[in-house]
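The first residue of the sequence shown is numbered 1, and numbering continues consecutively from there. Order of appearance sets the numbers: ligands from 1, and atoms from 1 within every ligand.
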Amino acid sequence: MTALTLSTAAASGLRADAIVVGVAKSPKGDKGLVVAPGAEAVDKGYDGKLAAVLETLGASGAEGEVTKLPAPSGFKAPVVVAVGLGAAPEDGQDKGTAFDAEALRRAAGAAARALAGAKKAAFALPVADAADAGTIGEGALLGAYSFDAYKENGKNGKAPLAEVVLLGGKPRDKAFKAAVERAVAVTEELNRARDLINTPPNDLNPESFAAVAQAAAKEHGIKVQVLDEKALTKGGYGGILGVGAGSAAGPRLVKLSYTSSKAKKHLAFVGKGITYDSGGISLKPAGHNETMKCDMSGAAAVFAAVVAAARLGLEVNVTGWLALAENMPSGTATRPGDVLRMYSGKTVEVLNTDAEGRLVLADALWAASEDKPDAIVDVATLTGAMMLALGNRLFGVMANDDAFRTAIVEAAEEVGEDSWPMPLPEHLRKGMDSPTADIANMGERMGGGLVAGLFLREFVGEGITWAHLDIAGPAFNEAAPFGYTPKGGTGTAVRTLVRLAELTAAGDLG
Ligand code: BES
Ligand code: MN
Ligand code: ZN
């Protein structure tokens, strides 16, 4: 893991491989550049001509743009890395003016990514307050991520940037220290979620995922309970068992309980953990299953968020439920036409074995409901329909409570995750009527993401506030890396869940 520290050192005297500075588009609307606050000493090293030099080099200040140039003489670091922040705030030259947090996070991420192979970099980006330090730290630690476990010598090209030094903060200040600690805890767990998502499905199955969760829980004082096939059978978890029936690797339901002696509220997070989704007997065609190791991204996010909450000692009880199964076709697999008796007692006619996420979630939602938490949030790579609706960078938010849905979209926005509120239209429910069972696992094709949400709603305990995050779009980035988002598993929803736990602890949610 990349290390993160605060320093008051002068940029010129710092022994590092590079100094990162921010550059923004001039607020005057001309084509000019402005050097962002934090880089004054560096600019001075160039006789105040850094903006002009960068313009000559073709820099535009666009978000994520990286320009490398030799450091001024007298600087110990050999290279300056200028990273684009997009449009400067109106009075962007003034110290203390806030740049958009997400612009800072993305710029720090892009710079950290561009510095792969370097050991140590000092970040001289605009830090107006402790929150900015946390934001920049977060972006840098997320951007430095790379998944190398399966590469020769454990290296995917260059090694990730090893050390990030934040300039412009106050290392002894309580708020700055807390912001850095938070950034480290959240990004370490988020990056671990990315590792789990990227781990190929021949190495990550329900059993090994549960073992990872068990070990982490032990390390962080989280209570953990793993229901294996035997326990699931005894408990009547027909949904999870039905999805796992075709696989040689049996399903698991993991319950992680983080409790705080000062908690007034209890949140439950439920994650879809399909370690591989082949579609089952309703097999996915070639072209649709190559990335289906990512179908446990919801469970990975929940796992990461619970551990982060524990590491931060948040004053709220958080229970995480990981609904783990591998969806495979075989002679023992669930058939289209089979009826499953779910943990809630309801029966489900399985019309399409590829609509498996809702089946494992249904059991986990009902189990989570038994504890009567103040709210339940589930996270799932649930439908291709949500990707068609919202694209690859936003997740959809559905809920049985409009205010809660709004609060989640706002919390997500606060931490730099894009989402959009989606409805649960009642008229779509009848499409799931089954002549044989209480409900079918498929309904109308149109609005498929909402149909899935309506299905889940039936398995939430009476009177419990619930929201559903369909992260099918942003969970796995098949395109080029951008900002602090790498190729592959992204760890989406981790930061939103952590923020929800923080807001709940502060009494600002529900
Ligand atoms: N895991 C998939 C959804 C998915 C697709 C996630 C692409 C990420 C990328 C899910 O289990 C699924 O197969 N859903 C079906 C449901 C349908 C059969 C009702 C879908 O969306 O096609
Ligand atoms: Mn599926
Ligand atoms: Zn799936």
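The heavy atom nearest to atom 18 (C) of ligand 1, out of those in N352, T353, T383, T381, is found in N352.
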Report all side-chain donor-acceptor pairs from residues 290-302 shorter than 3.5 Å, counting only partners two or more places apart or in another chain.
unit_1	atom_1	unit_2	atom_2	d
E290	OE1	G287	N	3.3
E290	OE1	H288	N	3.3
E290	OE2	G287	N	2.8
K293	NZ	N198	O	2.7
D295	OD1	K272	NZ	3.2
D295	OD1	T381	OG1	2.4
D295	OD2	K272	NZ	3.2
S297	OG	C294	O	2.6

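Note on ligand 1: R445 sits outside its first shell, no heavy atom being nearer than 4.0 Å.
The atoms of ligand 1 that sit less than 4.0 Å from any heavy atom of E356 are 11 (O). Close approach of ligand 1 to R358 (heavy-atom distance below 4.0 Å) involves ligand atoms 16 (C), 19 (C). Listed by atom number, the atoms of ligand 1 under 4.0 Å from K272 heavy atoms are 1 (N), 10 (C), 11 (O).
Proximity of H288 to ligand 1, defined as any heavy-atom pair under 4.0 Å, is not found for any part of the residue.
Other residues, nucleotides and ligands place more than 12 heavy atoms under 6.0 Å from the CD atom of E444.
Distances between N or O atoms of M442 and those of ligand 1 include no value under 3.5 Å.
The Mn ion (ligand 2) has D277 OD2, D354 O, D354 OD1, E356 OE1 as protein N, O or S atoms under 2.8 Å away.
Here the closest non-hydrogen pair linking V243 and T334 is N-OG1, 4.5 Å.
Using a 4.5 Å heavy-atom cutoff, the side chains of E413 and E102 are not in contact.
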